[in-house]
Structure formats: structure tokens, C-alpha cells
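Take a look at the structure below.
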Amino acid sequence: MAVGTFPGERASLGHKLTSSISSVTSTFTQQPLSRPTNHYRPLFGEVIPLCELYSIANVVVFPSSSQSSALQNPSQPYSQHNGIGSTGFRSTPPSPFIEALQTIGLGSPSWSASAISVFTIVLPTTNGYVTRSDFLQLRLQDFPYKILRTHEPLRPLQKYSATCPAPGPVTSEHDLATLVESAAGVVQWEDLPTSISFVDLEIYRTGLTEELRDRLHNAPWLSSTPISRQRVALIRGRPNITAGGPVYRVAKALGLDLVIVDEEGHWLQADTEENKMHREAFLVTDMTEDAGVVDRIIQSIVSYPLPIHGVFTLSDNFFVAVAQVAEALGLPTSPVAAFETSVDKYRSRLLQNVPGQTARVHNVRELESLLASGGNQQAEFIPRFPLIVKPTKGWSSECVSKVNNLADLATAVQKATSRHGSAAVIEPFFDGPEMDVNFVLLDGEILFSEIADEPPCDADSSAATVHSTFSPEALTLPSALPAQEQNIAKSTLRDILVNLGFCTGVFHVEARMVSSTFEYRKQDGVIDLVLKHAKSLPESGAECKLIEINARPPGYRVTVPTRHTYGVDYFAAHMLAAAGDKNRLRLTTRPYSHVLGDNTNDSKRGAQYWSRLVYIPAPAAGTVQWPSKLAPCEELKRRRPDLADKIVLGVDYCVPGDKVDLYTDGARTYVAHLLVVNRESRRDVIRLGEEVQKAFTIDIDGSISSKTEISDGETDVDPDAEGCE
């Protein structure tokens, strides 16, 4: 009997357990694995057809004992039958299966008598070529059953020849050893105590198998066609290993040779062994943002002795230049004009223009002239409050202001035009839930899309002033907006992207849902999106209003949580799109198959849990210190073990001696971010996030401060730009 079944053919858990226990008992009492001595560790191995793409073999290794007495009463704990207790562990010669495990670094050279060991052998069902070498690491991250070790022997791009064992019990240790040797991957799970009953053991095996199915059944590890080795150039290397590590590791896992193009003195320039692990070469280039930068980048690339198949960047101010480089070299890219529109917030605002409510000014004098003319200069512009003023070129909510009256308009324009030397765009304030909508597109088709909710920030308050910020506090995945409104958002924004010329790649779009049926309101002690009261429901239908387009993955802080929550790697998709590898782009954008909450709500399909990305702003200005010698995120987990297992990611931006300010270019300065998760409910993960924010402490100038109040959202600046100096 196979514990796992194909989707649509799942038997009841009770039937599975009854049949499986019977199978285990029969296998041990009638077909024991051959061993050279009576004192051996009983093994039970079973091949399970997980889905069309994979079979697995689950193997349970019991402590040394008499196999028949161990299974006489499956409802009793194993330890009551095995006769181990005071007699201790009786060592035996190694078996072929255990030898195979130890050869690949799994198992243990000295087996414990007090535990049951469980292994899963992963076997693709067809031949193919490896799409990425860290596939299991990606798909099994944050698995609810603790993993001790994972073995992934496959190299990227190599051909894999499938082994197709028959479903059912495996009765030969040599056969199990052969499966280990031919596996695409082997997982060693945390040992189970011998106090576990066989009924509970089967519940464990069944749950493990179902969880594996949710993670693997729609995600091909292999490509049916050979994959050519390619080389891509990253224009502007990441500023540090924290921001760059995920990019460099993914390139290596994909088998993409990575070349960095950047300034003299970049930390990846030195040709050290460590740097060689991250990139193939570093091309020193003058990156001054002037009229000649495109030609200088092209010269560096064409001078490189090996072919480069794609170029990409993660730096907003180089989008247009990199597109021009790609066009000149005949490499995959979206149109230069599309990038020129996306980086200009005035031009992108006109994609959904509200007549008479959008204007652009370069300074306060030009604003005064515009207002004095009665709006005749720019399509009869007449300010309607509240409105938004922001730089036409900028990021991370820097120098963005909400203006409620004419008296504050000049202040907001002065602030916006002082950043990056750009003009200021004046646009409507769209009242409604703010969201991040991320897309992976291939020739206009949505391969993957997700929506994350940004709770209200300081500037959303009715008491907000021109000095209030849009800096983020948190981000919650997946969205709580109703499925219909999520579909409106995805359809509206996808059409804007495609009409602009963005048909293939990764895109991070910020928007608001106007006339939503949901609002942020405190309920059961939690502020979250809930259905509006009947008297407050809008008369008109919901509309998605664009805030800005970023033709790249979301910032590092959000790209990594999406990988954890959905199993989709935006950095991988971004590089594959740049290389023109459409086949792998399609294969690498398959989310998990979990469904949170209501099984009929497809908008929550694909997330393995609810997650909350928590931003920690600097609570004071001064010099960072670590009195405990532990980084603040790690110190929090040590001090609060009740929170530690819910924190799957914690990143500190500062080290002792760094200087921090409360604000950096008009936005809050951050010192850390953490990702917390909950598999039970969205409200629970929000509560958890709030508790983590309150519990986080950092010592600045010798005075320990904890988080008290912050604003919300998501930003795209790398950690080294958060104000730590």
C-alpha cells in the first residue's frame, strides 16, 4: 500500500493508517530485510508514487531489537516492546543502506538506541536536465517537520537518468542502497523517540508525504530539453553580502556564470578565492551617471573574452542605461521607452491620469507660477486636497508627502525637489488599502503573481501632517482583500505593464484599491483588513489605482520572504528573463500547492503559511552598541524562545559603532527586519509580528530602546542605505 496517492485519489486518513500499519506489520513479520546477524536495526522502506513528477521512498530505521515483538501491538509505544532500555544499544555491522547514507554524509556513524530515524529518497520519474541545483533546499524551506540534513548531489544543467522502482515495500537493503545512490535528493528528518506508537508513526509518515506532495507535485526539477550554459552581467554589484548573497547563490544554483560590472574599489573586485565563489569576473567600469555611461558599460562587456548572454540590474537608477546596453548588444530586454516611463513618476502617473489633478514642477517658484495661472499651464491643474507630492525620481518613500492644505504644498515641493535633483510630481491621494502586486510575466502571460498588504502608515492617518512619512511598518502575505478585488488589481496592473511594453520579466508594482469593500479596522484586538460595515460599503465598484512601477524584483527584504512563503524565487526569474531562458523561467515560477483557510479561495493558494514582514526603525539617533555581544535579532530569539520558532528570518543592518539617525532623506531609518510566520491564521501572524516589534531591543549610545511606534509598507533600498554608517 502506498501512503501517498495522486491528487483527486486521496483515501481517508483512517484507511491509510489501517492499510499502512498492516503493510508495515506484514513486511516485518513476513519479509524482513536480510541482515547477517539477529541483532540488527529493523528497516522499513516503501516506494510511494507522489505525483506524476516524483516518486519517493520513505525509510524508517528502528533501534536494534526483535522485529516480531516490536509490532505485536501497534498501539503501544515502540520502547515497551523493544527490550532496549537498560540493555543499551547493541552495535551491528553496517548495512548496505546505512553505508550508502554515510557515504553521502547522512545517518550517523554511531546509532542511538533511543531513537527512530526517518529518511526520504526523492526520485524524479523522468529523465531530464537539472534546472537548479538547490531545488530541494528551495522547496523544503520552513518544512513543518524538522530536517536534520539534506543531500542534493545534482549539478545545474547536468542530465539526470531516472530510476523508476515499483511502488510498495522495499524488501532488500541493497535495493534501498541503490535508490540512495541514484536519488536526486535524500532528506534525513529529525529522529523520533521510541515512545512513539506505530499509529502515531503512520500519522507522521502520512503527514510528511502529504506535505511533500504540496511542495513538489507541480514543480519540475528537470527540463525535458538540454540547457545551454549561459553568462549574465550584473550591472552594479550589490553593496554587501547581505543584499547580494541571495543573488550570487541563485546564479550559481542555476548554472549561470555571473560577471559584475561596477566601480573601482567595489568589495567584489579583488580576485580572492571567496569572491570567486560569488562571481566569475569583475569588470572595472566608470559608472558615473552621465551621457557616456552606456558606452562605457558596452565597452566593458564587448571587451570580455567570453560571450555574455544577458545583462540585468537591481539598481533603480540604472534601469534605462541597462536597457540601452541590452538593445545595443542585441540581448533580451523590454523597450527602453518602457523603462523611461516607469522611472519617471510623473509619466507613469499619466498612465491613469485624473484630468486637472496631476502636475510637475521643478521648484517652488514654478509651483507658485502654476497656481497663479489658475492651472492654465498644465491642463488646468487645480489642487484637490489631500494630495501627494513626491520626487519624479526616487524610491523607498523618500521625500514623499501627503498634503492637506495649500499652505503646506510649497513645503512638500521643496522637500521633493531637494532629493536626487529631480522635479516634483503632484498627484491625487488615492484612499484605500495599499498593496504590493508582484508579477512574473512571459510574453504577457502571468506565470506568477502575488499581492501583499501594507497596513496604514503615519501619513494615512487623518491627523497626518506634511511631515508624516510613508515609511513602512510591516507587510502581510497573502492578501486579505476579497478574491474579486485581487483579480481587479492583477488584471488592471498587468494590462498597464503589457501596454507599456513590459511583457517578460519580474515587476514590482505598488497600488491602492479605491472603493474597496474592505478597510483597516481593529477587531478582536488586531488591526487588519475586514469587511466594511453595511452603511460604509461603497456605491461604486472597486478600482485599482497605480502608485508606481518597478521593473525589477521587489527589494531584497520582500523578495526573500516571498521565496519563503510561496517557494518562488524572484531573483532566479529576473536572471532567467535577462538571459532569455523562457523554458526555465516558466519552470521556476511554480508556487506551492497549499491552500490557506477556505479551500475555494484561489487567491490564498500557493502560500505555505501566513507571513508578516516586520520592519524595525531606529528608536533613537546615535551610535549602535551590542552589550550582549549578540546581534539584536539573535538576542531576541535567545531571550524569547517562545517567539524564536516563529521567526524564520532575521536580518540586522547595523554593527557596533555604526551611526544611525531617526530619518534618512525623509524616510525612517531601519536597523533590522524579521519575517514571522503562522500556519493557523492571519490574525495570529499579525499578533505575532506586533509582539516581535515590541520585544525587539537595540542599544544606541548606551541606552537600550525598544520599538514603540513605526510606520508601514515595503521599501527597496538595500540595507546599507538604511542609515547605518
(message) For Asn363 and Thr417, which I'm curious about, is there any donor-acceptor pair between the side chains at under 3.5 Å?
(response) no
(message) Less than 4.5 Å apart, side chain to side chain, heavy atoms only: is that true for Arg494 and Leu497?
(response) no
(message) Please determine whether a side-chain nitrogen of the Lys or Arg among Glu434 and Arg512 lies less than 4.0 Å from a carboxylate oxygen of the Asp or Glu.
(response) yes
(request) Quick one: closest heavy-atom pair of Ala480 and Leu529, and the distance? (result) CB-CB, 4.1 Å
(request) Check whether any side-chain N or O of Glu690 sits under 3.5 Å from a backbone N or O of Val526 as a donor-acceptor pair, and report yes or no. (result) no
(message) Strictly distance-based, threshold 3.5 Å: is any side-chain N or O of Asp290 a donor or acceptor partner for the main-chain N or O of Val293?
(response) yes
(request) Using a strict 4.0 Å threshold on nitrogen-to-oxygen distance, state whether Lys390 and Glu427 make a salt bridge. (result) yes
(request) Spell out, as yes or no, whether a donor-acceptor pair under 3.5 Å connects the side chain of Asp661 to the backbone of Thr664. (result) no
(request) Apply side chain to side chain contact (heavy atoms under 4.5 Å, CB included) to the pair His574 and Phe312, showing each step before the final yes or no. (result) CA-CA 8 Å; His574 192 50; Phe312 72 102; 3.6 Å; yes
(message) For His508, run the side chain to side chain contact (heavy atoms under 4.5 Å, CB included) check against Val558, Ile549, Thr559, Asn438 and tell me which one passes.
(response) Asn438
(request) Taking all non-hydrogen atoms of both residues into account, name the closest pair between Trp610 and Arg679 and its distance. (result) CZ3-O, 3.9 Å
(request) Establish, from distance only, whether the side-chain atoms of Arg347 and Thr341 form a donor-acceptor pair under 3.5 Å. (result) yes
(request) Classify the ring geometry between Phe502 and Phe339 as parallel (under 30°), tilted (30 to 60°) or perpendicular (over 60°). (result) perpendicular
(request) Could you tell me whether the side chains of Tyr570 and Glu450 share a donor-acceptor contact shorter than 3.5 Å? (result) yes
(message) Could you check, using the six-membered ring where one of them is a Trp, whether Phe507 and Phe439 have ring centers closer than 6.0 angstrom?
(response) no
(request) Spell out, as yes or no, whether a donor-acceptor pair under 3.5 Å connects the side chain of Asp495 to the backbone of Thr492. (result) no
(message) I'd like to check Glu368 versus Val364 (side-chain heavy atoms, cut-off strictly below 4.5 Å). Are they in contact?
(response) yes
(request) Taking atom types as modelled, find out whether Tyr520 and Asp528 have a side-chain donor-acceptor pair closer than 3.5 angstrom. (result) no
(request) For Tyr556 and Phe571, run ring pair (Phe, Tyr, Trp, His ring centres under 6.0 Å): C-alpha distance rounded to whole Å, both residues' side-chain angles, the deciding distance at 0.1 Å, then the answer. (result) CA-CA 9 Å; Tyr556 157 75; Phe571 288 140; 7.3 Å; no
(message) Looking at His467, is its backbone amide N or carbonyl O close enough to the side chain of Thr465 to form a donor-acceptor pair, meaning the two atoms are under 3.5 Å apart?
(response) yes
(request) Work out which heavy atom in Met513 is nearest to a heavy atom in Ala542; give both atom names and the distance. (result) SD-CB, 3.8 Å
(message) What I want to check is whether the side chains of Glu263 and Thr285 have a donor and an acceptor closer together than 3.5 Å.
(response) no
(request) Measure the shortest side-chain to side-chain distance between Cys544 and Met435 over non-hydrogen atoms and say whether it is less than 4.5 angstrom. (result) yes
(message) Regarding Glu691 and Lys694, does a basic nitrogen lie under 4.0 Å from an acidic carboxylate oxygen?
(response) no
(message) If we ignore hydrogens and angles and just use 3.5 Å, is the side chain of Thr313 paired with the main-chain N or O of Ser315 as donor and acceptor?
(response) yes
(request) Give a yes or no on whether a salt bridge exists between Asp524 and Arg683, defined as a side-chain N under 4.0 angstrom from a carboxylate O. (result) yes
(message) Show the nearest heavy-atom pair for residues Leu630 and Arg638, with the distance to one decimal.
(response) CD1-NH1, 3.8 Å
(message) Test side chain to side chain contact (heavy atoms under 4.5 Å, CB included) on Ile446 and Leu441; report intermediate values, then the result.
(response) CA-CA 5 Å; Ile446 298 178; Leu441 299 180; 3.7 Å; yes
(message) Under 4.0 Å between a side-chain nitrogen and a carboxylate oxygen: does that hold for Asp453 and Arg682?
(response) yes
(request) Fit a plane to each ring of Phe470 and Phe429, take the angle between them on a 0 to 90° scale, and name the class: parallel (under 30°), tilted (30 to 60°) or perpendicular (over 60°). (result) tilted
(request) Kindly indicate whether the side chain of Asp262, heavy atoms from C-beta on, has any atom under 4.5 Å from the side chain of Leu268. (result) no
(request) Determine whether the side chains of Lys345 and Thr392 contain a donor N or O and an acceptor N or O closer than 3.5 Å. (result) no
(message) Donor-acceptor pair, distance only, cut-off 3.5 Å: does the side chain of His266 make one with the backbone of Arg238?
(response) yes
(request) Can you measure from CZ (Phe696) to CZ (Arg640) and round to the nearest 0.5 angstrom? (result) 14.0 Å
(message) Does this structure show an ion pair linking Lys646 with Asp684, if we count only N-O contacts that are shorter than 4.0 Å?
(response) no
(message) Any heavy-atom pair between the side chains of Lys415 and Ser401 that's under 4.5 Å?
(response) yes
(message) If I compare all heavy atoms of Gly567 with all of Leu138, which pair ends up nearest, and what's the gap?
(response) O-CD2, 3.8 Å
(request) Indicate whether any N or O donor in one side chain lies under 3.5 Å from an N or O acceptor in the other, for Thr517 and Glu485. (result) yes
(request) Go through Val403 and Phe385 one step at a time and tell me if the side chain to side chain contact (heavy atoms under 4.5 Å, CB included) criterion holds. (result) CA-CA 7 Å; Val403 180; Phe385 301 100; 3.8 Å; yes
(request) Check whether any side-chain heavy atom of Pro619 lies under 4.5 Å from a side-chain heavy atom of Ile698, and answer yes or no. (result) yes
(message) Quick test of your reading of the model: are Lys545 and Glu543 salt-bridged, counting only N-O distances below 4.0 Å?
(response) yes
(request) Report the distance from atom CG of Leu674 to atom CD1 of Ile647, rounding to the nearest 0.5 Å. (result) 5.5 Å
(request) Could you tell me whether the side chain of Arg279 and the main chain of Gln269 form a donor-acceptor pair under 3.5 Å? (result) yes
(request) Answer whether the closest heavy-atom distance between the side chains of Val437 and Gln486 falls below 4.5 Å. (result) no
(message) Less than 4.5 Å apart, side chain to side chain, heavy atoms only: is that true for Ser611 and Pro561?
(response) no
(request) Fit a plane to each ring of Tyr653 and His673, take the angle between them on a 0 to 90° scale, and name the class: parallel (under 30°), tilted (30 to 60°) or perpendicular (over 60°). (result) tilted
(message) Taking Cys457's backbone N and O only, do any of them form a donor-acceptor pair with Asp460's side chain (distance below 3.5 Å, no angle check)?
(response) yes
(request) Taking all non-hydrogen atoms of both residues into account, name the closest pair between Val671 and Pro617 and its distance. (result) CG2-O, 4.1 Å
(message) Distance alone, cut at 3.5 Å: any donor-acceptor contact between the side chains of Arg552 and Asn550?
(response) yes
(message) Main chain of Thr623, side chain of Asp701: is a donor-acceptor contact present, judged purely on distance under 3.5 Å?
(response) yes
(request) Taking atom types as modelled, find out whether Arg612 and Thr476 have a side-chain donor-acceptor pair closer than 3.5 angstrom. (result) yes
